[in-house]
Each structure stands twice: as structure tokens, then as C-alpha cells.
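Whatever order the structure lists them in is the order used to number ligands and atoms, beginning at 1. FYI, the numbering just counts along the sequence from 1.
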Amino acid sequence: AADAAMYAVKSQGRNNIAFYDAGLTVQARQRVVMESRLRSAINLGQLYCVYQPQLELSSGRIVGAEVLLRWHDEQLGQVSPAEFIPLAESCGLIHQLGLWVLQHSCHQVSQWLQAGLPAFRLAVNVSAQQFAKDTMLQQLKQVLKDSGLSAQLLELEVTESALMTDEVRVIDTMHQIRALGVRLAIDDFGTGYSSLSYLKRLPLDVLKIDKRFIEHIPAEQDDKQIASAIIALAHTMNFKVLAEGVETAEQLQFLQQQGCDYYQGYYFSKPLAADDFAALLQNSGG
Ligand code: C2E
Ligand code: MG
Ligand code: MG
Ligand code: MG
């Protein structure tokens, strides 16, 4: 497989894709190529972070930003995280990538604050595997120390499915993270199968409604009801609630009526390059 990957990389480099290993399907070959290129992406400086503003609905202020990883490869072009994150998870690279994002974004935000930009909270995605590893807490402490970022300004986003394994350990880890002052958000909420009794036991700060429940508002009556039920549920459990994927004024108005706390989405801004985000934050005056 490694030889096939090398060959594929070389042949792509000549803009001439020819495969002679008949043992691999086209998809499998692409995967192997992508994996080998992703392995070197960190060292080649091909990874970078973009920042999407998170706003408070009541005030319209930027109160946070979600950092999202981007990868530009010379041959493959721009590769979506929807493609390379699952790949990184399946080949074990996610630990390295995840740590890089955490370090890089915490340092970035810390620098911005030192330069006088208004304070906001940084939200970082953490994959299930990172979350399950016992080195995570130590790494988190180290990154906070090295970057000088206040723990109160950091939030970790974990998907519902990441919280579904090994309940006791997961809850213990969550308590330890929160003891540092770091906040916890459950990402893509509504797409997993967590029971209400489990959810109630989780030490969470924020629940993020998955964008699939937002995208068809106001046309879909069902989605409106689901979104408002999730907002009510979150508040009953004393969690804040954020709506993802807000693209229209109608959606925003609906969410405001339902008492949603925060939102993010193309309606206000797409994820921005670091400099553009800093400029936006500066101009918004916090
Ligand atoms: P996510 O964490 O749920 O991030 C939200 C995704 O929705 C992002 O896609 C964002 O660009 C997109 N989005 C934001 N507003 C809108 C909108 O109004 N409309 C639509 N259609 N989409 C919107 P992106 O950047 O492609 O990332 C996809 C997923 O990849 C993320 O979903 C997350 O699960 C994963 N991901 C990205 N960066 C990282 C990372 O650093 N670590 C880990 N573990 N996962 C990451
Ligand atoms: Mg997220
Ligand atoms: Mg999400
Ligand atoms: Mg997601």
C-alpha cells in the first residue's frame, strides 16, 4: 500500500495519474494518497485555521469564535475537513492534528488579546479519540500555560457520539476539564442518540443545535418544533444553547423568538482567515 501511495503521489505530480496496483480500488488508492500527504501536511505548513464568529442573540455582539481546520495540498488542492478529519481519525493522525489546532489557535487568540483586541471565547473541536485519551488533560493544561490564554476563554466542542462511550470515564474527564475553567459544548446536537437521563448527568455549558435542524426553517414545521424543543430542553438543564448554520434573517428571528442564546452561520459570517477575523473583531468594537 505504501508503494502504491508513493507511486500515486509521483504520478499525480506529473499530472498523469496511472495506477498499476490492481489490488486497490480507486477509492482506496485515493485514500492512501491522501493519508500519506496529510502525514506531511503539518511539517509542510499546509494546515491553517479559520475562525467563524459566534454571536449573542440578545446583543448582537461577537462573543466567541469557532476555529475550523483547513488543509491546502499542492496536488489535491483544498481538501474539506469533512473528508480529512474522518481520515485522520481512522489512521491515528487526529491526535497530532488536534493538538496542532489547539496550540495554534490558543496562541493566536492570546496574541490578539495582548494586542488589544476585544476578548471573546475560542471554541475548539475535539474528536472522540482525543477526548478518550488520558494525555488530553495534561496537553490542555500545557497549552493553556504556554499560550497564556485564560482557561475561561476556551471552550471545547465534543460531538454527541464522543460522549456515548465509557460513560463514567467520559464524565470524569469532563469534570476535570471544567475544573480548569474550560467550558464544554456538545456539538451537532440532535444527530446522536444520547438519552435525556444521560444528558442531564453531563457537566456541559453549551448545547449546539446541528445545522440540519436550522436549514429548513421556516419552511419545515417539524424542524421549527424540534429546534424550539431543543432550546427549551437545554434551558431546563441549565445549558446555554447555540444554533449552527444560520443563513437567513427569518431563521435568526425565529431563534430570537424561541430564546436561543447564541448563533453562528453564513448569515453573519463564513469562517474567516485569521487576519480578516481580527479586523472584523476590531471594527465591531467587541
Ligand atoms: P462542525 O464542528 O459542526 O463545524 C461547523 C461546520 O458548519 C463548519 O464546516 C462550518 O464551516 C459550517 N458552517 C458554518 N456556518 C454555516 C452555514 O451557515 N451554512 C452551512 N451550510 N455551513 C455552515 P467545516 O469547516 O467544513 O467543518 C466540517 C466539520 O469538520 C466540523 O463540523 C467538524 O466536525 C470537523 N472539523 C473542522 N475542524 C476541525 C478540527 O480542528 N478538529 C476536529 N476534530 N474536527 C474539525
Ligand atoms: Mg464544531
Ligand atoms: Mg457542528
Ligand atoms: Mg460536525
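Looking at R183 and E155, a side-chain N of the basic residue comes within less than 4.0 Å of a carboxylate O on the acidic one, giving a salt bridge. With respect to the salt-bridge test (charged N to carboxylate O, under 4.0 angstrom), the residues E220 and K224 do not qualify. By the 4.0 Å N-to-carboxylate-O rule, D188 lies too far from R212 to be salt-bridged with it. Between E74 and R37 there is no salt bridge, since none of the side-chain N atoms of the basic residue sits less than 4.0 Å from a carboxylate O of the acidic one. In summary, K240 and E56 do not engage in a salt bridge, as defined by a charged side-chain N under 4.0 Å from a carboxylate O.
Among A128, G245, S127, the residue whose heavy atom lies nearest to atom 44 (N) of ligand 1 is S127. By heavy-atom distance, the residue among K208, E247, Q251 lying nearest atom 20 (C) of ligand 1 is E247. Residue Y266 holds the heavy atom nearest to atom 17 (C) of ligand 1 of all those in Y266, W71, F84. Summarising the contacts of atom 41 (O) of ligand 1 with L102, L97, I85, V101, the nearest heavy atom is found in V101.
Those atoms of ligand 1 that come under 4.0 Å of a heavy atom in V246, given as number and element, are 18 (O). Near G265, with a cut-off below 4.0 Å to any heavy atom, the atoms of ligand 1 are 15 (N), 18 (O). Here is the list of ligand 1 atoms found below 4.0 Å of a heavy atom in Q52: 14 (C), 15 (N).
Annotation: D187 places an N or O atom under 3.5 Å from an N or O atom of ligand 1; distance criterion only. Residue-to-ligand polar distances keep Q264 apart from ligand 1: every N/O pair is separated by 3.5 Å or more. Considering backbone and side-chain atoms together, R70 places an N or O closer than 3.5 Å to an N or O of ligand 1. Between E244 and ligand 1, at least one pair of N/O atoms sits closer than 3.5 Å. Annotation: Y267 places no N or O atom under 3.5 Å from an N or O atom of ligand 1; distance criterion only. For the pair A82 and ligand 1, the shortest N or O to N or O distance does not fall below 3.5 Å.
Taking 4.0 Å as the cut-off, P271 counts as a neighbour of ligand 1 on heavy-atom distance. Taking a 4.0 Å cut-off on heavy atoms, E215 fails to register as neighbouring ligand 1.
The aromatic rings of Y263 and Y267 sit tilted relative to each other, their planes meeting at an angle between 30° and 60°.
For E157, the N, O or S atom with the smallest separation from the Mg ion (ligand 2) is OE1. Distances from the Mg ion (ligand 3) to each N, O or S atom of D187 single out OD1 as the nearest.
Counting only distance, with no hydrogens or angles, the side chain of E250 and the backbone of I217 share no donor-acceptor pair below 3.5 Å. Counting only distance, with no hydrogens or angles, the side chain of D205 and the backbone of A185 share no donor-acceptor pair below 3.5 Å. When atom types are taken as modelled, the side chain of R178 and the backbone of L184 share no donor-acceptor pair closer than 3.5 angstrom.
If you look at V50 next to ligand 1, there are no close heavy atoms at all, none under 4.0 Å. By the criterion of a heavy-atom distance under 4.0 Å, the side chain of K211, and not its backbone, is placed next to ligand 1.
Remark: R169 CZ to F131 CZ distance equals 10.0 Å, nearest 0.5 Å.
Of the N and O atoms on the side chains of Q27 and T25, not one donor lies less than 3.5 Å from an acceptor on the other residue.
The ring-ring contact (aromatic ring centres under 6.0 Å, His included) contacts involving residues 195-243 comprise nothing, where partners must be two or more places apart or lie in separate chains.
Backbone or side-chain N, O or S atoms of T159 do not reach the Mg ion (ligand 2) at under 2.8 Å.
Taking the Mg ion (ligand 3) as the apex, the angle formed with OD1 of D188 and OE1 of E244 is 100°, to the nearest 10 degrees. Angle subtended at the Mg ion (ligand 2) by E66 OE2 and N125 OD1: 90°, rounded to 10 degrees.
You'll find the ring centres of W112 and F277 inside the 6.0 Å limit.
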